[in-house]
Amino acid sequence: MIDLRVLRDAPDLVRASQLRRGADPSLVDSAVDLDARRRAALTDFERLRAEQKGLGKEVATASGEAKAELLGRAKALAEQVRTAQADAEAAAAELEEVVGRIGNVALDGVPAGGEDDFVVLREVGSPRDLAAEYGADFVPLDHLDLGERLRAIDTVRGAKVSGARFYYLTGVGARLELALLNAAMDAALAAGFTPMITPTLVKPEVMRGTGFLGEHADEVYRLEADDLYLVGTSEVALAGYHADEILDLSTGPQRYAGWSACYRREAGSYGKDTRGIIRVHQFHKVEMFSYTSVEDAEAEHERLLALEEQMLALAELPYRVIDTAAGDLGSSAARKFDCEAWLPSQQRYLELTSTSNCTTYQARRLGVRERTASGETRAVATLNGTLGTTRWIVAILENHQQADGSVRVPVGLRPYLGGLEVLPVVAPA
RNA sequence: GGAGGGCUGGCUGAGCGGCCGAAAGCGACGGUCUUGAAAACCGUUGAUGCGGGACACCCCCGUAUCCAAGGGUUCGAAUCCCUUGCCCUCCGCCA
């Protein structure tokens, strides 16, 4: 939720942000009008309510005929109070509906436009030249071919048991995921994050508060019988962790690293990334989440990005960092950096991490505040970022494949695989 | 699954349908005292919205809302009724 004060005092700022996002700027004008209407209705209600309270006190002390007369007046007034209250509540609800559709104000520097209007900040490492290494006629295997030869990935049985976009990680595949996620947890721990294993089912208000029930509500699994939602990321549970609390950030940001399963319906992505485990309904992820003061948010964002890059370096993957365009931010984020690894089989980049600065947008809706040195309360900023996911296996297998279809284990992951240096082919094609 | 008991401010814990945003204690903060600290004593101490005061903020004044959540009864609800959630105890069942 955007700050109503900003909406009131600087509607141009919000309007400009909407335009950069390719969203509807007229929502801002509707919201300003509705805000004025709500305040007027509230004032009416308060005046009547105060009158009612005063009259109530007279009723309490009166008796006999005077009391009967007062009661008559009080009854009439009660009806007016009811009406005024209903008006005020209706106006507030209407305002909330419109305000909820306005996205966070994109930070200065965020490129305008949609999905394709990102800016590449840097490219790190260089894609392997497999033709030069293994001969001009070498055809790189994709992650699924490799995964099947290593007996690491089984999508056939995943589909048999659960349907399309489900898979088993088997043997070294399962070990590789555990290794990667353990390495991610260790990196987070070393950087001062508190490790967390979080619930993956959450209540509607938490899901709504984190902003996942907006435009992309159909991406989320819902358990009708229990009125609970399956999370698409532990960000949801970590953001909800301090909901309705007043935090003490005087000693710096509060940092959490969540490990959880993630569930996504992938509605609307029919036919996209159908092969292998690039786009699946269920996967695991280690996610960083920070609560900071507004002042610290941008520095924390850089910090999260640096940690992501540290993990990509540990996995020895070539990647680029992009500054996502305003239209591709999602409602809560004010800025978002993605790291995309090179995918040899497809000759393209694939998103492996995403870190968002949600400024106070998410915290305001969830009621997460801090107490400042001077004693007031105010909304905190929230940030999140990916440290490792099942999808990383795709990039690791493809980028570290060897001529015979085996896969070299990045040095940094070896300690997590009992010193294993190579994932050997056990099921040749 | 069944039967009871409970849910009040940072914590403990009172609370008769109107005088209750709520006693008291603890904690915290400020002060007195002290070379300093402790103790003692004095004082302050919930959140949020709205309106006003030369109104960006702080501050002051007024007002409303919040006693698990939602609904109802009533001129008036922390207090009575209903529904839901959560916690505790007991019984049963199953990891």
Side-chain angles (χ1 to χ4, degrees), chain A residues 1-14 31-100 105 199 201-209 222-229 237 240-251 254 293-295 360-361 363-380:
Chain A
M1 194 169 75
I2 59 161
D3 190 344
L4 282 182
R5 201 157 302 165
V6 170
L7 183 78
R8 232 175 270 154
D9 297 344
D12 290 344
L13 194 73
V14 186
V32 170
D33 289 347
L34 285 167
D35 180 47
R37 184 143 43 104
R38 165 186 141 265
R39 283 184 288 159
L42 189 60
T43 303
D44 285 348
F45 161 68
E46 282 187 11
R47 201 192 62 246
L48 287 166
R49 180 72 172 141
E51 199 182 328
Q52 183 187 37
K53 281 180 141 183
L55 202 54
K57 282 186 179 140
E58 289 183 51
V59 171
T61 54
S63 60
E65 200 138 308
K67 184 160 190 161
E69 195 268 332
L70 280 173
L71 270 181
R73 273 167 57 197
K75 272 186 195 179
L77 189 56
E79 188 52 45
Q80 290 181 55
V81 169
R82 248 190 298 278
T83 309
Q85 180 166 24
D87 287 350
E89 280 170 3
E94 256 185 276
L95 173 65
E96 200 184 317
E97 199 276 317
V98 172
V99 166
V105 177
L201 285 167
V202 301
K203 297 179 180 183
E205 59 263 34
V206 175
M207 194 53 99
R208 199 171 305 112
R222 169 153 188 256
L223 275 73
E224 182 82 37
D226 301 283
D227 200 18
L228 290 169
Y229 291 91
Y241 189 67
H242 285 305
D244 298 316
E245 293 182 20
I246 298 173
L247 305 181
D248 178 8
L249 298 179
S250 60
T251 55
Q254 293 218 21
S293 67
V294 185
E295 292 76 15
T360 58
Y361 191 92
R364 189 166 289 110
R365 204 159 30 182
L366 287 166
V368 187
R369 293 169 293 165
E370 65 163 325
R371 184 156 325 263
T372 64
S374 55
E376 0 132 37
T377 59
R378 60 171 189 170
V380 303

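The figures here come from the full heavy-atom set of this structure, side chains too, leaving out hydrogens, waters and symmetry mates. This one's a predicted model, so the numbers in the text were calculated from it and none came from an experiment. In what follows, chains are A, B, ... by sequence order, proteins preceding strands, each numbered from 1.
Summarising the base pairing, rG27(B) is matched to rU45(B) through a Watson-Crick or G-U wobble pair whose two defining distances lie under 3.5 Å. Nucleotide rC59(B) forms a pair with rG53(B), judged by Watson-Crick or G-U wobble geometry with both contacts under 3.5 Å. Under the Watson-Crick or G-U wobble criterion, with both distances below 3.5 Å, rC80(B) is paired with rG72(B). Figure legend. rC93(B) is base-paired to no nucleotide; pairs are counted as Watson-Crick or G-U wobble with both atom distances under 3.5 Å. Of all nucleotides present, only rA40(B) satisfies the Watson-Crick or G-U wobble test against rU32(B), with each distance under 3.5 Å. The nucleotide rC67(B) finds no pairing partner, because no Watson-Crick or G-U wobble arrangement with both distances shorter than 3.5 Å includes it. The partner of rC7(B) is rG85(B), judged by Watson-Crick or G-U wobble contacts that both fall below 3.5 Å. Pairing of rA14(B), defined by two Watson-Crick or G-U wobble distances under 3.5 Å, is not identified with any nucleotide.
Judged by closest nucleotide on RNA chain B, R369(A) is the one of A74(A) and R369(A) placed further toward the 5' end. For the pair R47(A) and R378(A), nearest-nucleotide mapping onto RNA chain B gives the more 5' position to R378(A).
rA64(B) and rC19(B): their P atoms are spaced 13 Å apart (whole Å). Atom P of rA14(B) sits at a distance of 13 Å from the matching atom of rG9(B), rounded to the whole Å. Going from the C1' atom of rG18(B) to that of rC90(B) covers 41 Å, rounded to whole Å. Taking the C1' atoms as reference points, rC61(B) lies 37 Å from rG72(B), given to the whole Å. Nucleotides rG70(B) and rC60(B) place their C1' atoms 37 Å apart, quoted to the nearest Å. Nucleotides rU35(B) and rC20(B) are separated by 48 Å at their C1' atoms, to the nearest Å. Taking atom C1' on both nucleotides, rU8(B) is separated from rA24(B) by 14 Å, rounded to a whole Å. Using C1' as the reference atom, rC42(B) and rA47(B) are 28 Å apart when rounded to the nearest Å.
Here CG of L201(A) is found 12.0 Å from OH of Y229(A). Values are rounded to the nearest 0.5 Å. Here the CZ-CD1 distance, from R371(A) to I246(A), works out to 4.5 Å after rounding to the nearest 0.5 Å. From Q85(A), atom CD reaches atom CD of Q52(A) across 9.0 Å, with rounding to the nearest 0.5 Å. Note that CE of M207(A) and CG of L228(A) are 9.5 Å apart. Values are rounded to the nearest 0.5 Å. Residue D35(A) holds its CG atom at 9.5 Å from CG of D33(A), rounded to the nearest 0.5 Å.
For K53(A), a side-chain nitrogen or oxygen approaches OP1 or OP2 of rU65(B) to under 4.0 Å. Taking side-chain N and O atoms only, R49(A) has no distance below 4.0 Å to OP1 or OP2 of rG76(B). Contact between the side-chain N/O atoms of R37(A) and the OP1/OP2 oxygens of rC50(B) is not found at any separation under 4.0 Å.
Of the candidate nucleotides rA64(B), rG51(B), rC58(B), rA64(B) has the atom nearest to the side chain of F45(A). Comparing atom distances between the R5(A) side chain and each of rC50(B), rC19(B), rG76(B) picks out rC50(B) as nearest. Out of rC50(B), rA47(B), rC75(B), the shortest distance to the side chain of Q52(A) is found at rC75(B). The side chain of E376(A) approaches rC58(B) more closely than any other nucleotide in the set rC58(B), rC50(B), rA47(B). The side chain of R39(A) lies closest to rG51(B), out of rG51(B), rU48(B), rU65(B). Taking the side chain of T377(A) as heavy atoms from C-beta on, and the options rC50(B), rU48(B), rG76(B), the nearest nucleotide is rU48(B).
Distance, D9(A) CG to rA56(B) P: 10 Å, rounded to whole Å. To the nearest angstrom, C1' of rU63(B) lies 13 Å from CG of D44(A). Between L247(A) atom CG and rA47(B) atom P the separation is 15 Å, expressed in whole Å. Taking atom NZ of K57(A) as the reference point, atom P of rC19(B) lies 6 Å away to the nearest angstrom. Remark: P of rG10(B) and CD1 of I246(A) are 7 Å apart, rounded to the nearest angstrom. Going from atom CD of E205(A) over to atom P of rG70(B) covers 11 Å, rounded to whole Å. Following rounding to the nearest Å, L48(A) (CG) and rA64(B) (P) show an atom-to-atom distance of 12 Å. Rounded to whole Å, atom P of rC66(B) lies 8 Å from atom CD of Q85(A).
E79(A) has a carboxylate O that lies under 4.0 Å from a charged side-chain N of R82(A), or vice versa, which qualifies the two as a salt bridge. A salt bridge is defined here as a Lys NZ or Arg NE, NH1 or NH2 lying under 4.0 Å from an Asp or Glu carboxylate O, and R222(A) with D227(A) meets this definition.
Between R38(A) and A92(A), the shortest heavy-atom distance links the atoms CD-CA, 3.9 Å.
Within 4.0 Å (heavy atoms only), R73(A) reaches no atom of the nucleic acid at all.
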